[in-house]
Amino acid sequence: MGVDGAWSKIRPLVSGVKPEYVGTSYIETYLYGVDERHPAAAKTVGGGSLYALVPGKGILVHLEPGNILHTYVQLNCTAE
């Protein structure tokens, strides 16, 4: 099945529940070639994951194959 998130065209076929914003947003980023281009970030994360969390916000990072840091910035905020 091809459900691809909150606003998928398939979602209404499998559930009558409507998506709603609950106060948390995620911004997804990637850093490529981290050993060469972003050595400080690569050293900080190391070979695994890094979580920097405080109430209402956070940064979550993990190392992916291919020398890539996959990052999420999480913020609690209103929809506006």
Test item: S15 side-chain N/O and R11 main-chain N/O as donor-acceptor pair under 3.5 Å: no
Stepwise side chain to side chain contact (heavy atoms under 4.5 Å, CB included) test for E64 and Y30: CA-CA 10 Å; E64 291 188 345; Y30 294 90; 4.0 Å; yes
Co-members of V22 in a cluster of I, L, V, M, F, W and Y side chains, linked at under 4.5 Å: none
Interatomic distance, I68 atom CD1 to H38 atom NE2 [nearest 0.5 angstrom]: 11.0 Å
Under 4.5 Å side-chain linkage, directly or through intermediates, the cluster mates of V61: L31, V34, V45, L50, I59, L63, L69
Plane angle bin for Y26 and Y72 - parallel if under 30°, tilted between 30 and 60°, otherwise perpendicular: perpendicular
E28, CD: over 12 other non-hydrogen atoms inside 6.0 angstrom: yes
Chi angles and distances behind the side chain to side chain contact (heavy atoms under 4.5 Å, CB included) call for Q74, I27: CA-CA 7 Å; Q74 173 239 328; I27 301 164; over 6 Å; no
Closest non-hydrogen atom pair between T78 and Y21, with its separation: C-CE2, 3.8 Å
Euclidean distance, N67 CG relative to E36 CD, rounded to 0.5 Å: 5.0 Å
